[in-house]
Number of protein chains: 2
Amino acid sequence: MTVERRPSPSRSRRPTIKDVAEAAGVSRSTVSRALTGRGYAASDVRERVLRAAAELGYVPDVMARTLKQQVSRSVGVLVSDLRNPFYAELAAGASREARERGYTMVLADTSLSAEAESEAAEALVALRVAGVVVTPNSSAVSTYLSAHGIPVVEVDRQFAAGSTDGVVVGNRVGARTATSHLVELGHRRIALFIDETDWTTGYERYQGYLEALAAGGIKVEPELVVSSGWDVADSRRRALDMLRGPDRPTAVFAANNVLAEGVWRAIGELGLRVPGDISLVAFDDTPWMSMVSPTVSAVSQNTYGLGATAVRRLSERIEMPEADSVTTVLNVRLISRESTAPPPEI
Amino acid sequence: MTVERRPSPSRSRRPTIKDVAEAAGVSRSTVSRALTGRGYAASDVRERVLRAAAELGYVPDVMARTLKQQVSRSVGVLVSDLRNPFYAELAAGASREARERGYTMVLADTSLSAEAESEAAEALVALRVAGVVVTPNSSAVSTYLSAHGIPVVEVDRQFAAGSTDGVVVGNRVGARTATSHLVELGHRRIALFIDETDWTTGYERYQGYLEALAAGGIKVEPELVVSSGWDVADSRRRALDMLRGPDRPTAVFAANNVLAEGVWRAIGELGLRVPGDISLVAFDDTPWMSMVSPTVSAVSQNTYGLGATAVRRLSERIEMPEADSVTTVLNVRLISRESTAPPPEI
DNA sequence: TCCCCGTGTGGGAACGATGTCACAGTCCTG
DNA sequence: CAGGACTGTGACATCGTTCCCACACGGGGA
């Protein structure tokens with residue numbers, strides 16, 4: 001790490017509405033009316049004000065405006081982990097929609113830590129954001145924000161269904177479709193890699209898996225359901241353990257892109273052939289899945305759209321605070337690629 | 001897309017410092033002193049105030065505080081494209097560092113559009129952010145923000161070197177190392193895929209490429225330097241054109257992860273073998289590069305650290321506005337994998 | 001002629017928090 | 001015991017903006 005030094009400049013005071021008023025020879029009220037377009041302002045005066053503002057480089061102070069109006073034009077977005085392409089894409093979608101609707105986005109990466117999550121929530125309350133989009137880790141955030149009168153939209157996962165809006169994907173259907181695909185190919189020993197099975201997204205995907213097995217008349221084998229941690233390293237380790245075992249599964253359904261990555265790496269390290277030795281299907285299509293060889297079949301969700309839809313819902317909620325809460329379910333689709341085939345002959 | 005409806009709750013007024021004062025039976029000034037810890041407050045009074053604040057769920061209004069103090073605790077982060085893992089990771093690093101330093105992060109995805117970039121910059125000025133970290137697309141943003149007295153740190157790319165701080169990686173060295181690696185393996189026809197060659201990052205990488213060729217006594221062939229667009233599709237198309245040609249290069253150096261992805265896809269589509277037919281090395285190591293087969297050699301930059309360092313620099317700058325501006329250069333390293341080998345015999 | 005109304009403008013009170021200042025006690029010291 | 005030092009508290013101005021209200025002006029109808 002190298003460092004170079006150079007001299008630096010200084011600065012002055014920021015122009016306020018008062019400065020603009022003096023420059024244009026009118027009162028502050030008139031400037032405000034001319035700039036915001038609310039209320040009367042003769043066209044020549046308006047023009048004079050606009051010119052003065054432009055010359056001074058005047059930018060209205062959002063703090064003061066929000067203080068007065070008691071409502072800001074920014075929304076908070078709380079995601080778990082920006083390094084995960086899923087959340088990054090979701091944030092990107094939220095960002096575009098926010099900009100289009102004239103909102104500023106305040107984003108915090110909560111790193112899967114409950115502490116960071118509540119810290120961030122408090123910061124958003126302090127900022128008097130107009131609303132919050134969150135990928136929640138517990139019901140605490142939504143409850144807290146709602147108690148402060150801040151509209152919340154839960155996205156991807158949903159803890160406060162019934163009291164707050166939600167935007168999720170068809171987790172159960174997606175998981176069932178993916179698992180059924182394996183069943184139809186003739187697989188009977190189908191492992192599930194999943195982060196957790198009790199709440200919201202994880203629960204739904206687990207149920208979808210169970211439903212597909214049931215429909216295929218297959219008994220669930222608990223040792224084939226792996227509750228892995230949240231990172232690639234952990235998932236890889238668990239996959240190594242399972243796939244090295246004597247009667248390993250003939251197929252794996254990985255319930256998210258991180259777990260899929262771990263499983264994929266483990267498969268590669270063990271020298272197993274896909275789909276010859278083992279089939280793999282993932283929930284959440286990520287770029288690498290169409291780049292590796294063989295390409296990986298995946299349930300694709302419109303992640304960008306998820307973020308955009310959440311912000312759209314939020315903005316509707318802000319405009320109609322009393323309307324019934326709504327859960328929007330985006331559809332998913334299975335993209336069948338090269339990683340799935342009938343099980344090997346015994 | 002399905003939608004479910006449910007009834008919803010209502011809300012009340014947010015507690016202010018005045019409410020806390022009344023509840024605790026003291027004046028607003030005392031509450032302020034008790035909560036911020038600045039100035040006198042008897043310990044029993046302090047406790048009473050704290051209890052009252054907690055009971056009411058009081059959260060100080062950042063707007064009012066900032067308005068009064070004329071300095072906010074939030075920083076703006078402007079990145080080009082959150083869907084690109086590079087920027088996502090950079091933002092994640094910035095986010096962590098910002099949180100650690102007690103700053104709220106306002107993030108905008110400028111989508112490579114100059115319009116969105118200046119809109120976002122204006123929004124940040126309006127928000128009176130304490131400083132801005134930006135991956136600039138032109139010198140306009142830095143100039144604009146600096147003119148408003150807002151400290152700026154340019155990260156990844158640098159347009160305003162000399163007047164604002166910068167945090168970049170060793171682009172020239174990295175590009176030279178990558179290209180030299182190919183030269184040492186015996187390659188003579190080495191293509192460069194790059195977005196642009198005139199400014200900052202692109203220029204440096206181009207120079208590194210040229211230096212390595214010069215050191216190897218290889219003449220530059222202009223038709224081997226491809227100025228591709230910014231997306232995978234474009235890069236793929238350009239790569240298809242070049243690699244289908246009669247005397248295609250024996251190696252490609254792709255100057256960023258997006259271009260590398262395009263080239264990789266093109267190589268796969270043409271059925272060329274890596275590294276048998278063609279070697280590939282990329283600038284910017286991305287997860288897929290260690291997942292595909294063969295794995296792709298890459299110049300790895302600490303992207304997360306880049307974001308974190310930029311925010312750290314910004315925070316130092318905010319504390320010492322008059323200090324000399326500094327450019328920090330983070331080192332990179334070549335990770336040699338399976339995609340590089342001597343050129344095929346002719 | 002008087003009044004009313006529409007149009008355009010300025011004055012001033014909020015919004016919520018902070019921090020200076022003044023004042024009232026209490027304690028200590030000479 | 002007087003006077004200063006120190007502690008604790010409340011009143012009040014302030015930040016930049018908005019917006020309600022008052023007012024001024026001119027024209028038109030009664």
Side-chain angles (χ1 to χ4, degrees), chain A residues 12-50 52-53 56-74 122-123 125-130 148-149, chain B residues 12-50 52-53 56-74 122-123 125-130 148-149:
Chain A
S12 68
R13 206 179 54 88
R14 247 189 277 270
T16 75
I17 202 173
K18 199 178 153 199
D19 300 321
V20 179
E22 279 166 14
V26 294
S27 73
R28 289 165 321 172
S29 318
T30 305
V31 174
S32 174
R33 280 191 298 262
L35 293 181
T36 61
R38 282 185 285 271
Y40 296 114
S43 65
D44 59 323
V45 174
R46 161 170 291 123
E47 205 138 311
R48 198 144 36 93
V49 170
L50 255 46
L56 291 172
Y58 170 73
V59 178
D61 188 319
V62 167
M63 300 292 166
R65 171 177 293 167
T66 303
L67 177 61
K68 174 62 183 165
Q69 301 193 145
Q70 294 292 71
V71 49
S72 86
R73 283 299 279 179
S74 56
E122 180 156 337
V125 171
L127 277 175
R128 302 293 186 253
V129 293
H148 278 85
Chain B
S12 67
R13 206 179 54 88
R14 248 189 276 269
T16 74
I17 202 172
K18 197 178 157 199
D19 300 320
V20 179
E22 277 166 17
V26 295
S27 75
R28 288 164 318 174
S29 319
T30 305
V31 173
S32 173
R33 281 192 299 262
L35 293 181
T36 61
R38 282 186 284 272
Y40 299 117
S43 65
D44 61 322
V45 172
R46 162 169 290 123
E47 206 140 310
R48 200 143 36 93
V49 170
L50 255 48
L56 292 171
Y58 170 72
V59 178
D61 188 319
V62 168
M63 299 294 165
R65 172 177 292 168
T66 302
L67 178 60
K68 171 63 181 161
Q69 302 192 146
Q70 294 292 72
V71 48
S72 87
R73 284 298 281 179
S74 56
E122 181 156 338
V125 170
L127 278 174
R128 302 293 188 252
V129 293
H148 279 84

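Just so we're on the same page: letters track the sequence lines, and every chain starts at 1. Predicted model, so just to flag it, every value in this text is computed and none were measured.
The base of C:dG19 lies outside donor-acceptor range of the side chain of B:Arg28, with no N or O pair under 3.5 Å. Looking at B:Ser29, its side chain comes within 3.5 Å of the base of C:dG19 through a donor and an acceptor atom.
Between C:dG19 and B:Gln69, a contact under 4.0 Å exists linking OP1 or OP2 to a side-chain N or O.
Side-chain contact between B:Thr16 and B:Asp61 is absent, with no heavy-atom pair separated by less than 4.5 Å.
A:Arg128 places no side-chain N or O within 3.5 Å of a backbone atom of B:Val62 that could act as its donor or acceptor partner. A donor-acceptor pair under 3.5 Å is absent between the side-chain atoms of B:Ser72 and the main chain of B:Thr66, judged by distance alone. With A:Arg48 contributing its side chain and A:Ala24 its backbone, the two residues share a donor-acceptor pair below 3.5 Å.
Nearest-nucleotide positions on DNA chain D place B:Ser43 closer to the 5' end than the other of B:Arg128 and B:Ser43. Along DNA chain D, the nucleotide closest to A:Lys68 and the one closest to B:Ala64 are compared, and the more 5′ of them pairs with B:Ala64.
Here B:Val31 lies out of heavy-atom contact (under 4.0 Å) with every strand. At a threshold of 4.0 angstrom between heavy atoms, the contacts of B:Thr36 are confined to the sugar-phosphate backbone, with no base atom among them. Nucleic acid contact class of A:Arg33 (heavy atoms, under 4.0 Å, all strands): base.
Under the 3.5 Å distance criterion, with hydrogens and angles disregarded, a donor-acceptor pair is assigned to the side chains of A:Thr30 and A:Arg33.
Protein chain B touches strand DNA chain D; the 5'-most and 3'-most nucleotides with an atom under 4.0 angstrom of its non-hydrogen atoms are D:dT7 to D:dG16.
The number of heavy-atom neighbours closer than 6.0 Å to CD of B:Glu47, taken from other residues, nucleotides and ligands shown, is 12 or below.
Of the listed nucleotides (C:dG19, C:dC15, C:dT9), C:dG19 has the atom at the smallest distance from the side chain of B:Arg38.
The distance between atom CG of A:Leu67 and atom P of C:dT18, rounded to the nearest whole Å, is 12 Å. When the C1' atom of C:dC15 is taken as reference, atom CZ of B:Arg14 falls 13 Å away, rounded to whole Å. One can place NZ of B:Lys18 at 8 Å from P of C:dC15, the figure rounded to the nearest angstrom.
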